[in-house]
Amino acid sequence: MSGIGTGRLLAWPAFLIAGLLGGIPMALVIACSLMKPGAFGGVEWGLSFDAYRALLFRRDIFSGEPVFSADHLLIYGRSILLAAGTTILCLAIGFPTAAHMATRPPRARKWWVLAITLPFWTSLLVRTLALMLIIGDQGLINGLLLRTGLIQAPVAMLHTNFAVLLGLVYSFLPFMVLPVFAALERLDPRLVEAGADLYAGRWRIAFLVILPNIRPGLVAGCLLVFLPALGSYVVPLMLGGGRAMMAGDLIALQFGGARNWPLGAAEAVALVTLVLAALLPCWLMRGRAG
Amino acid sequence: MQRHLPRAFGLVAGASLLFLYAPILVLGVFSFNSGRLFHRWEGGSLHWYAKALANEGFRGAAVNSLAVALGATLLATFLATGAVIGLHRAGARQQGIALALIGLPLVVPEVVMAVATLIFFSLLRGATGLDFGLGNLILAHAAFCLPFAMMPIRAALRGVEPAILTVAADLYASEGAIVRHILLPLLAPGIGSGAALAFITSFDDFAMSQLLAGPGQTTLPVFIWAQLRRPLTPEVNAMSAIMLAVSAAFICLALAMVARARFTNGPCDP
């Protein structure tokens, strides 16, 4: 067979592998969340909503009655707050950085983009470890402060919400800078000049000329930071150390030491639902824009 | 526009760069420290590198990491090239469905993808007894790297002048001949950088490897993570610095290939 048809066949292997190792496993997570935990990990066949009930209730040790437990709400709430805080901080640092980059000469711009992109392609684990060595009790900051005599005992920075927030901003800052930079670079400078010629002040130009024009870049940047931050695993695992847990760690825990697969699967479904809920307004807006 | 920019923006931009690079630099510098501390410089030495390279666990993990990354890269690049060429003639609807499925790892949190794959392989083993050993990890990584490998290949396809393909078809070149003699050579730099990105993505992956790797299948990031349970020495810096160097080499390779493609395509390139 020749003509248009043969080319399309080439896409099938990728489609099949993505379905086999992406689509089917995701469906299995949903199926697994509706079963009972097996004795040694894994699942027991049979429909059960216990895993979802366990997200909000735990069994009383003595009576066996379900009692409300805020443990899950606390961890998911912390995940949302930390992801939101990360997004705000990345925007506050990333926007000025992107604006500075966009106003450099073209050649310098390329170097800036390269410098901002490069860390993303190195191991997240190693970069998080580097932060750990700096803010740890025996780390660089505490070591220097102790030696100068400014403090007597190490300041506990590791394994706190602060450490996780720092780590998340550190990992996801490039995701904010690059789309905002791309939007600013596309902005026609004549618009800004026209605004200035018409005696608009700095703030009026920023809010009435620049902001509406770069909104898609800002939205993309916020999503690219918020979504991976919400589901992050390595950063809270290393910098939170069990004391500042996020949803991702909780899920992995059920498949490791805790051995409660259905609960872990239900937690995963809850996390993906949050991710989709954050994406929904953008899909709707894009649909309306055509 | 430049004259409207507050001067503080430049300072913030500089601080951003410092923030991104300072931890990596500190890690690198202290990997050459001769002492055991992370906050006191006691003279340069390659002692910790020698120790890391002599560590059997580290060497085994490095071999596993390279094997998995090479396998996943070959598979992902092959699949990604086929997908890009195959999808470019497909309708918008088919393209949308295929790209959504292939792009799943970009939207779903990595740890969810990892436990999903864990459930999949465990059920597969339970139902059919199939277990490919390190092959499980290679397959999982390939699916995970696929969307990253596709990015530069799709970018390269956008740079191909559509008239070339029309001319070839008008001259009775078969679909296969067009792919072999025109598309593949033109896409080669994109395919090369796609392969490099797939390699780094697999090589740096932690969550998937940590949850899937069985005994004896430890990869480098998982091995380094396991070191954190003991008292830390700069040996872990040396191991990390070696990993960073490998990633940096591959990202430079990817960028060099893209840059060369721009250069050879000359001024016609959009």
Side-chain angles (χ1 to χ4, degrees), chain A residues 2-4 6-11 13-15 17-19 21-26 28-29 32 42 93 96-97 99-101 103 115 118-119 121-127 129-131 133-134 138-140 143-144 170 173 189 192 202 205 231 233-234 248 251-252 255 264 268 271-272 275, chain B residues 1-2 4-5 9-10 12-13 16-17 19-20 23-24 26-27 37-40 79-80 82-83 85-87 89-90 98 101-102 104-105 108-112 115-120 122-123 139-140 142-143 146 174-176 179 200 204 206-207 211 221 224-225 240 243-244 247-248 251:
Chain A
S2 67
I4 301 292
T6 34
R8 258 186 239 175
L9 290 177
L10 293 171
F15 189 72
I17 285 282
L21 289 154
I24 292 178
M26 285 309 292
L28 286 175
V29 169
C32 184
I93 306 170
T97 306
H100 180 77
M101 285 165 66
T103 47
L118 212 52
W121 291 110
T122 60
S123 163
L124 182 58
L125 180 107
V126 165
R127 279 182 292 142
L129 174 73
L131 271 187
L133 296 178
I134 291 177
Q138 270 117 49
L140 189 69
L144 289 177
Y170 175 60
L173 182 60
V192 178
R202 183 177 272 186
I205 291 177
Y233 169 57
V234 180
I251 294 167
F255 288 85
L271 178 60
V272 174
V275 167
Chain B
M1 194 170 148
Q2 208 158 337
H4 297 287
L5 213 62
F9 280 24
V12 176
S16 294
L17 270 197
F19 178 50
L20 287 176
I24 302 177
V26 168
L27 180 123
L37 294 173
F38 299 110
H39 53 84
R40 188 182 304 222
L79 295 172
I85 294 177
L87 285 177
R89 286 281 175 86
L101 188 63
I102 292 171
L104 212 54
V108 176
E110 193 191 352
V111 66
V112 173
V115 299
T117 317
L118 175 69
I119 297 174
F120 173 75
S122 129
L123 285 181
L139 280 171
L146 190 51
S174 68
E175 189 90 356
V179 169
I200 305 171
D204 289 344
F206 173 67
L211 279 156
I224 292 177
W225 159 246
S240 305
M243 269 203 73
L244 285 182
S247 305
I251 189 66

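Residue numbering restarts at 1 for every chain, and letters A, B, ... go by the order of the sequence lines. Because the structure is predicted, anything quoted here is derived from the model rather than measured.
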Given that the side chain runs from C-beta out, which part of [X] has a heavy atom under 4.5 Å from chain B: side chain, backbone, both or neither?
{"X": "A:Ile24", "answer": "side chain"}
{"X": "A:Val29", "answer": "both"}
{"X": "A:Leu173", "answer": "side chain"}
{"X": "A:Tyr170", "answer": "both"}

Atom group of [X] that falls short of 4.5 Å from chain A, counting heavy atoms:
{"X": "B:Ile251", "result": "side chain"}
{"X": "B:Leu211", "result": "side chain"}
{"X": "B:Leu87", "result": "both"}
{"X": "B:Ile24", "result": "both"}
{"X": "B:Ile102", "result": "both"}
{"X": "B:Leu79", "result": "both"}
{"X": "B:Leu20", "result": "both"}
{"X": "B:Phe206", "result": "side chain"}
{"X": "B:Val12", "result": "both"}

*Mind checking whether B:Val112 and A:Met26 have side chains closer than 4.5 Å, heavy atoms only?*
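A side-chain contact exists here, since the closest heavy-atom pair is under 4.5 Å.
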_Between CE on residue B:Met243 and CG on residue B:Leu27, distance to nearest 0.5 Å_ =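 Output value for this atom pair is 11.5 Å.
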*Report the option among B:Ala116, B:Ala80, B:Pro105, B:Ser122 that has the most heavy-atom pairs separated by less than 4.5 Å from atoms of chain A.*
B:Ala116
*asked:* So which atom in B:Phe9 and which in A:Ala99 form the shortest heavy-atom distance, rounded to 0.1 Å?
replied: CD2-CB, 3.6 Å
*How close do B:Pro23 and A:Ile134 get, heavy atom to heavy atom, and via which atoms?*
CA-CD1, 3.6 Å
